[in-house]
Amino acid sequence: MNFRITHIDETDSTNRWVKDYGGEEDMVVWTDYQTAGRGCGTNSWESERGKNLLFSVLIHPTDIAVNRQFHISMAISLAICDALGQHIGDLSIKWPNDIYWRNGKIGGILIENTLQGTTIRRCVIGVGLNVNQRAFRSNAPNPVSLWQICEHETDPEQLLGDILQSFEKYYVQDVREQYRSMLYRSNGFHPYTDKDGAFMAAIHNVEDDGHLLLTDEDGRLRRYAFKEVQFVI
């Protein structure tokens, strides 16, 4: 990958920007501030101006079949953990791709794929990382920043470079076992909730297409797609 990297002062959404202005080359756009940053679904993303790392990566992974598109999510999640791991420990990936420090969310990822037949014509990877923000004022339940952990500032641009370097490495590797080894709550039984209510379960596996397999206390295997089950934290 040979990324063209663009920095802009402000935009509504880096994902929207790169979809509008990106072409057929792989590129990255990062910004100091998003007026309408969002997470999965209808979730918004709180970020103080100039304090965090907000970026989107545009790639054209036509070599990845549609049924393997979760590989991209695993690769970028591991890349972020690698880069943050140069500063802090106790990192994990909360399925499918939230980045956690202990029980706090330090980063989120939103991936939007454009499919063409059995291949992915275009993939936009949006990332928000809490880097230098010292306080959070939204009703998000558990945000945490690198500054709150380390109590010193980190250069977002350097962090971006480290992430992209690791992403290029993981993109061409089989990362399934590494991803599974980094999962949040990978050991033991923990509380979850789905459309039928609360239950205790242990992570059994994550399938190649991204489905989460949980084993409940009765020994029953439960299979979930994105947004079908919630971690109780």
Side-chain angles (χ1 to χ4, degrees), residues 38-46 64-82 84-85 88-113 115 118 120 123 125-130 136 138-145 148-149 170-171 173-233:
R38 64 188 181 94
C40 292
T42 59
N43 296 338
S44 61
W45 184 268
E46 177 193 0
I64 295 180
V66 169
N67 62 0
R68 291 188 57 245
Q69 59 187 293
F70 192 64
H71 171 77
I72 300 169
S73 181
M74 292 189 291
I76 190 65
S77 299
L78 288 168
I80 293 169
C81 287
D82 264 13
L84 290 175
I88 54 175
D90 293 331
L91 290 161
S92 61
I93 302 166
K94 185 170 81 65
W95 177 87
N97 52 23
D98 282 341
I99 309 302
Y100 265 49
W101 177 78
R102 298 181 182 174
N103 288 317
K105 182 175 176 178
I106 195 169
I109 302 167
L110 176 64
I111 297 176
E112 299 176 280
N113 289 322
L115 308 181
T118 59
I120 306 167
C123 173
I125 308 165
V127 177
L129 289 180
N130 300 327
F136 295 90
S138 75
N139 59 358
N142 59 338
V144 67
S145 71
Q148 289 175 329
I149 302 165
Y170 285 124
Y171 181 83
Q173 295 179 0
D174 182 348
V175 298
R176 288 173 292 184
E177 290 307 314
Q178 288 167 280
Y179 172 83
R180 290 163 185 161
S181 71
M182 286 292 294
L183 283 174
Y184 176 70
R185 292 182 174 175
S186 59
N187 297 310
F189 284 82
H190 298 275
Y192 296 85
T193 183
D194 63 12
K195 62 182 178 59
D196 297 319
F199 61 97
M200 297 289 292
I203 292 178
H204 176 75
N205 202 358
V206 177
E207 296 180 328
D208 291 346
D209 64 1
H211 281 85
L212 177 67
L213 298 180
L214 299 176
T215 303
D216 64 24
E217 290 182 303
D218 296 325
R220 183 165 65 98
L221 200 62
R222 299 172 178 238
R223 183 174 186 264
Y224 295 100
F226 306 147
K227 309 300 283 187
E228 291 182 349
V229 66
Q230 288 78 44
F231 292 67
V232 178
I233 299 172

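Between Tyr192 and Phe199, the ring planes are parallel. Angles under 30° get that label, and only those over 60° would be called perpendicular.
Atom CG of residue Asn205 and atom CZ of residue Arg223 lie 11.0 Å apart, to the nearest 0.5 angstrom. Here the OG1-CG distance, from Thr118 to Asn67, works out to 8.5 Å after rounding to the nearest 0.5 Å. For the atom pair Asp98 CG and Lys105 NZ, the distance stands at 3.5 Å (nearest 0.5 Å). The distance from atom NZ of Lys94 to atom CD1 of Ile233, rounded to the nearest 0.5 Å, is 5.0 Å. Taken from OG in Ser186 to CD1 in Ile93, the straight-line distance is 10.5 Å, to the nearest 0.5 Å. For the atom pair CG of Leu91 and CD1 of Ile106, the computed distance is 6.5 Å after rounding to the nearest 0.5 Å.
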For Phe231 and Asn103, what are the C-alpha separation, side-chain angles and deciding distance, and is it a side chain to side chain contact (heavy atoms under 4.5 Å, CB included)? CA-CA 11 Å; Phe231 292 67; Asn103 288 317; over 6 Å; no
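A 4.5 Å side-chain heavy-atom check between Leu84 and Trp101 finds every atom pair outside the cut-off. Between Asp208 and Arg68, the closest side-chain pair of non-hydrogen atoms is not below 4.5 Å. Contact annotation: the side chain of Ile203 never approaches that of Leu213 to less than 4.5 Å [non-hydrogen atoms, C-beta and beyond]. Looking at Ser77 and Gln178, their side chains never come closer than 4.5 Å, going by heavy atoms from C-beta outward.
What you find for Tyr179 and Pro96 is that their closest heavy atoms are OH-O, 2.7 Å. The shortest heavy-atom contact between Leu214 and Ala201 is CB-CB, 3.9 Å. Annotation for Val66 and Gln69: closest pair O-NE2, 3.0 Å, computed over non-hydrogen atoms. Taking every heavy atom of both residues into account, Cys81 and Ser92 meet most closely at SG-O, 4.4 Å. Closest heavy-atom contact between Phe70 and Glu207: CD2-O, 4.4 Å. What you find for Gly107 and Leu129 is that their closest heavy atoms are CA-CD2, 3.6 Å.
Take Thr193 and apply the side-chain contact (heavy atoms from CB on, under 4.5 Å) test, not counting sequence neighbours, and it matches Gln230, Val232. In this structure Arg102 satisfies the salt bridge (Lys or Arg N to Asp or Glu O under 4.0 Å) test together with Asp90, sequence neighbours excluded. Partners of Asp174 under the salt bridge (Lys or Arg N to Asp or Glu O under 4.0 Å) rule, at least two apart in sequence or in another chain, are Arg176. In this structure Gln148 satisfies the side-chain contact (heavy atoms from CB on, under 4.5 Å) test together with Phe136, Val144, Ser145, sequence neighbours excluded. Remark: Glu217 engages no residue in a salt bridge (Lys or Arg N to Asp or Glu O under 4.0 Å) (not counting sequence neighbours). When the side-chain hydrogen bond (donor to acceptor under 3.5 Å, both in side chains) test is applied to Ser73, the partners found at least two apart in sequence or on another chain are Asn97. Evaluation of the side-chain contact (heavy atoms from CB on, under 4.5 Å) rule for Thr215 yields His204, Leu221 as partners, not counting sequence neighbours. In this structure, the side-chain hydrogen bond (donor to acceptor under 3.5 Å, both in side chains) partners of Tyr100, at least two apart in sequence or on a different chain, are Asn142. For the side-chain contact (heavy atoms from CB on, under 4.5 Å) test, residues two or more places apart in sequence or in another chain that qualify with Glu228 are Tyr224, Ala225. Taking the salt bridge (Lys or Arg N to Asp or Glu O under 4.0 Å) definition, one finds that Arg222 meets it with Asp194, Asp216, sequence neighbours left out.
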